[in-house]
Amino acid sequence: MESAVGIETVSLEHKKIILGVTGGIAAYKAAELCRLLTKADADVQVVMTAAAQQFVTPLTFQALSGKPVLTSLWEAASGDGMKHIHLSRDADLLLVAPASADFLAKLAHGRADDLLSTLCLARTCKLAVAPAMNREMWATAPTQRNLEQLRADGVNVLEPTAGEQACGETGLGRMLEAADILASLPGLLGAGPLAGKRVLITAGPTFEPIDPVRGLTNLSSGKMGYAVAQAAAEAGAEVCLVSGPTCLATPAGVRRIDVQSVADMRRAVLAELPSDVFIAVAAVADYRVDAAATQKIKKSAAGLTLQLVANPDILAEVADLLDAPFCVGFAAETEELAEHAEAKRRRKKLPLLVGNLAQDTLGQDTAELVLFDDQGQHRLPRADKLTQARHLIKHLVNLLN
Ligand code: C5P
């Protein structure tokens, strides 16, 4: 039996959100975000910095949010003069989008010289920032230092994406699209269908040492596992991502543990149990070198034979525990997907297994997936990996319920 899997629309009913807009060309995307927030029934109060008003007028946001926009610390000081304090006390979330490099620097140093930065400093609610800037400004050491500080301070950084920039350059620093920012909010607000659930995920390749400078690995990019971690966090779960070596950014709100070998990954996974859900996306090496050399192996005309031994199957071990979490496996096959995937699901005792054709998926940004569960097969036609991950989490929520 095959069925389509849909995604619910985001509801932010009764959520009070302060949308902070700082100076950058991505301010035009904040107008779209404001519209989506109000459409999702959030109560939105827009606060703009002076620089933001050089890009978009307050009137635009007033029309979209249905409320006058706040722009000045001194204007906010009317009444009892404490609006800069009360505003964030009442809010569920302070969301700064776009957050310029300058604003991030200000936040990281606790400065408060305008209404928005004062609100951020005086807040008791959660703070999320969606950075937007030129790729060089993003990559530069001071910006990265500031971001590290902000993450350590508990600020949720909604990582920018790579692509064409308004300045004509191409690279990392584009603000997330408004719809993607919106999708991340229920999770940040603890309002998603996985709120209160612990989700443990493995992702990426593993690396088995041959000697101190060489090893056995595979072509997994980690993109699917990171997308699943993001989708689970969006759904409100407390997500721990045990990741093999990748160069991907950690999704907002996700706790990441870096590992290399299968033994490291297994140790990290077992230490993170108990968990409500375990999703094994990692491309785990089936074999490791029996005795990795402690010194670099010298070249020899006689060639080299490596003795490989089988690695433990982390997913099968976790699924076999008495108090096993709800376990989800991934199967990348090169042929006869349905037969191999279903056999694997039964062998590993999994309620849900995600199958894909390896040659169509590895390293790519899109994937075509088939979900196998007790009800049968559910096909997810080709789409970007984040969209697929959201479908998968939606399906998992239905099975959990
Ligand atoms: O048996 P196979 O490697 O094809 O199974 C794939 C699934 O099992 C994936 O979910 C993968 O993350 C997991 N796995 C594991 N430990 C292994 C091998 C695979 O957790 N040693």
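Note that this is a predicted model, so its numbers are computed, not measured. Counting convention: from 1, in listed order, for ligands and their atoms alike. When reading the values below, keep in mind they use all heavy atoms of this one structure, side chains included, and skip hydrogens, waters and symmetry mates. Index from 1, following the sequence.
- Asp313 counts as a contact of ligand 1, since one of its heavy atoms falls under 4.0 Å from the ligand.
- Taking 4.0 Å as the cut-off, Ala316 does not count as a neighbour of ligand 1 on heavy-atom distance.
- Looking at Asp276, its side chain does come within 3.5 Å of a backbone N or O of Arg198 through a donor-acceptor pair.
- Defined by atom type and a distance below 3.5 Å, a donor-acceptor pair is present between the side-chain atoms of Thr366 and Arg382.
- Among all protein heavy atoms, the one lying closest to atom 19 (C) of ligand 1 is Lys348 NZ, 3.7 Å.
- Here OG1 of Thr334 is found 8.0 Å from CG of Leu357. Values are rounded to the nearest 0.5 Å.
- Checking His14 against Asp43 by side-chain atom types alone, no donor-acceptor pair falls below 3.5 Å.
- Heavy-atom contacts of Ala282 reach the following atoms of ligand 1: 11 (C), 12 (O) (cutoff under 4.0 Å).
- With respect to atom 9 (C) of ligand 1, the closest heavy atom belonging to the protein is Phe330 O, 3.0 Å.
- Nearest non-hydrogen protein atom to atom 16 (N) of ligand 1 is Ile314 N, 3.0 Å.
- Residue Val289 is tested with Asp211, Val309, Leu216 for a side chain to side chain contact (heavy atoms under 4.5 Å, CB included); the sole match is Leu216.
- Against a heavy-atom cut-off of under 4.0 Å, Lys344 is close to the following atoms of ligand 1: 1 (O), 2 (P), 4 (O), 5 (O).
- At least one donor-acceptor pair closer than 3.5 Å links the side chain of Glu208 to the backbone N or O of Val262.
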